[in-house]
Amino acid sequence: MAQPTGYLRIKNIMTTVLVTGGAGYIGSHACVELLNANFDVLVLDNFCNSKATSIKRVEKITGKSITLIEGDVRDKATLTMLFSDHQIDAVMHFAGLKAVSDSVNNPLAYYDNNVMGSITLLEVMSEFSVNNIVFSSSATVYGFSDDKPIPETAPLSPFNPYGHNKRMVEQVLADISIAEPSWNIASLRYFNPVGAHPSGEIGEDPNGVPNNLMPYVSQVAVGKRERLSVFGNDYPTIDGTGVRDYIHVVDLALGHVAALNKLMQGCGLLTLNLGAGRGYSVLELVQAFEASTEQKIPYEIVNRRAGDIAIYFADASLAKQVLGWKTTKTLEDICRDAWRWQTKNPNGY
Ligand code: NAD
Ligand code: UDP
């Protein structure tokens with residue numbers, strides 16, 4: 001939102017945040033928490049995987065307005081106009097493509113959108129001396145990690161184009177922070193974002209058949225899918241099914257606000273895991289969903305999914321130490337909120 005004429009900007013107090021990809025799943029939840037924390041919010045989105053309705057819903061939840069610009073982060077002219085027209089203090093960069101299997105089939109599209117898009121954004125930020133950015137990275141950068149839990153110091157070995165994209169952008173950001181120490185950068189490595197806003201107004205709205213567990217379970221519960229296929233029950237885990245670190249999307253969004261507040265203090269480069277710090281198996285999640293929603297989830301055990309890892313969960317201690325942030329929502333909260341979103345919006349937005 002443009003500041004009114006005569007507005008006195010107080011040095012070092014950031015007020016206006018550009019949220020790229022703000023109409024998407026995580027971005028829309030971040031917008032809610034930014035507005036709740038009294039930041040002004042501008043959203044840039046090309047709607048390749050979202051709808052403007054999500055922004056209307058964010059405004060409904062918060063009672064505050066967002067300036068929404070339809071455009072592409074790879075389009076320098078659009079970015080230049082945006083940074084000229086608005087006094088932007090920081091950027092949260094969510095815009096990107098996120099389907100791992102799609103990235104294997106269409107690597108060029110992923111390098112273009114995720115790497116080139118980030119570089120174009122950083123160039124324009126640099127031109128306008130906007131030096132504060134929170135970047136959506138992913139735990140995918142760790143690849144087949146042997147660490148349980150996984151600390152930020154674990155070796156990075158992504159094994160698909162999507163993971164390489166995230167690692168490359170992290171590297172670009174790290175190099176910028178060495179060359180220009182005035183930059184404040186948070187690369188946030190998300191584990192498994194799930195759930196929805198407790199209002200049931202915003203949530204995950206996947207196209208077609210969901211690849212991920214939680215939206216698939218929700219669609220089975222609502223009757224859109226017959227049964228869940230559980231990919232393997234012969235892993236070395238509590239019940240043989242894969243273990244992941246599920247983080248409620250509202251906790252994740254609050255982690256972004258905490259990171260932004262840290263940037264405001266001048267933090268240099270931060271690279272942090274955002275996860276709950278504990279793992280649940282597929283069957284534990286199914287049981288929690290059934291218990292908290294009173295819905296039956298029929299399932300069958302099928303073969304392992306290629307490329308799946310048995311156990312993946314965060315060492316979440318650094319984010320707690322540096323940001324004073326940790327997750328507060330339970331697996332039951334996650335299931336209840338996902339279900340509320342699904343039942344209120346059976347066909348998405
Ligand atoms: P999403 O697809 O719901 O949101 C991404 C948004 O970016 C969408 O609104 C899309 O329309 C927009 N977008 C994509 N390319 C764009 C471009 N070139 N210009 C402008 N807008 C563009 O995805 P999400 O789950 O909200 O993920 C947000 C970010 O978090 C992504 O960068 C993703 O890689 C990262 N991430 C997601 C997960 C996850 O499991 N959801 C895990 C780790 C990291
Ligand atoms: N999974 C499953 N059935 C599905 C989708 C996922 O059994 O339809 C399992 C998957 O094998 C993994 C866990 O659920 O152990 C989480 O998968 P998801 O795709 O949500 O996250 P990721 O594997 O990318 O961390």
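The first residue of the sequence shown is numbered 1, and numbering continues consecutively from there. Indexing begins at 1, ligand by ligand and atom by atom, following the structure's order. Everything numeric here is computed off the predicted structure, so don't read it as measured data.
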Would you mind running through ligand 2 and noting each atom that sits below 4.0 Å from a heavy atom of S229?
2 (C), 3 (N), 4 (C), 7 (O), 8 (O)

Any idea which part of L228 is under 4.0 Å from ligand 2, heavy-atom wise: side chain, backbone, both or neither?
side chain

Does the N or O separation between Y216 and ligand 2 drop below 3.5 Å for any pair?
no

Under 3.5 Å, is there a donor-acceptor pair linking the side chains of T15 and D40?
no

Does either side chain, that of Y235 or that of T241, offer a donor lying less than 3.5 Å from an acceptor on the other one?
no

Does ligand 2 come near enough to V282 that some N or O of the ligand is less than 3.5 Å from an N or O of the residue?
no

Taking the six-membered ring for Trp and the single ring otherwise, decide whether the centroids of Y246 and F191 are under 6.0 Å apart.
no

Residue among V19, V73, N132, T20 satisfying side chain to side chain contact (heavy atoms under 4.5 Å, CB included) with V91:
T20

Are any of the N/O atoms on F231, whether in the backbone or the side chain, positioned under 3.5 angstrom from an N/O atom of ligand 2?
yes

Sub-4.0 Å atoms of ligand 2 with respect to non-hydrogen atoms of D308
10 (C), 11 (O), 23 (O)

Determine whether the side chain, the backbone, both or neither of N192 has a heavy atom under 4.0 Å from any heavy atom of ligand 2.
side chain

Who's the nearest protein heavy-atom neighbour of atom 12 (C) of ligand 2, and how far?
R244 NH2, 3.7 Å

Looking at R278 and D245, is any side-chain nitrogen of the basic one under 4.0 Å from a carboxylate oxygen of the acidic one?
no

Decide, yes or no, whether a salt bridge links E170 with R167 under the criterion of side-chain N to carboxylate O below 4.0 Å.
no

Using a 4.0 Å heavy-atom threshold (strictly under), name the region of N212 that reaches ligand 2: side chain, backbone, both or neither.
both

Atoms in ligand 2 flagged as close to V230, the criterion being non-hydrogen separation under 4.0 Å
7 (O)

Measuring only between side-chain heavy atoms, which start at C-beta, is L228 closer than 4.5 Å to L213?
yes

Thinking salt bridges, do E284 and R244 make one under a 4.0 Å N-O criterion?
no

Run the ring-centre check on Y190 versus H256 and record whether the distance is less than 6.0 Å.
yes

Return the closest protein heavy atom for atom 15 (O) of ligand 2 as residue, atom name and distance.
G242 CA, 3.5 Å

Among Y312, Y246, F191, Y280, which residue places a heavy atom closest to atom 13 (C) of ligand 2?
Y246

Check whether the side chains of Y349 and R57 place a donor and an acceptor atom closer than 3.5 Å, and report yes or no.
no

How close does the nearest protein non-hydrogen atom get to atom 20 (O) of ligand 2, and which residue and atom is it?
L213 N, 2.9 Å

Nearest non-hydrogen protein atom, atom 23 (O) of ligand 2:
R305 NH2, 3.0 Å

Centroid separation F94 to H29 less than 6.0 Å
no

Ion pair present between E290 and K296, side-chain N to carboxylate O less than 4.0 angstrom?
yes

So for P210 against ligand 2, with non-hydrogen atoms under 4.0 Å, the contacting part is neither

We want to know whether T271 and E152 form a side-chain donor-acceptor pair, criterion being a heavy-atom distance below 3.5 angstrom.
no

Close side-chain approach of S138 and Y162, heavy atoms under 4.5 Å:
yes

Protein residues near ligand 1, heavy-atom distance below 4.0 Å?
G21, A23, G24, Y25, I26, D45, N46, F47, C48, N49, S50, G71, D72, V73, R74, F94, A95, G96, K98, N113, S136, S137, S138, Y162, K166, Y190, P193

Give the atom numbers and elements of ligand 2 that come within less than 4.0 Å of a heavy atom of N211.
5 (C), 19 (O)

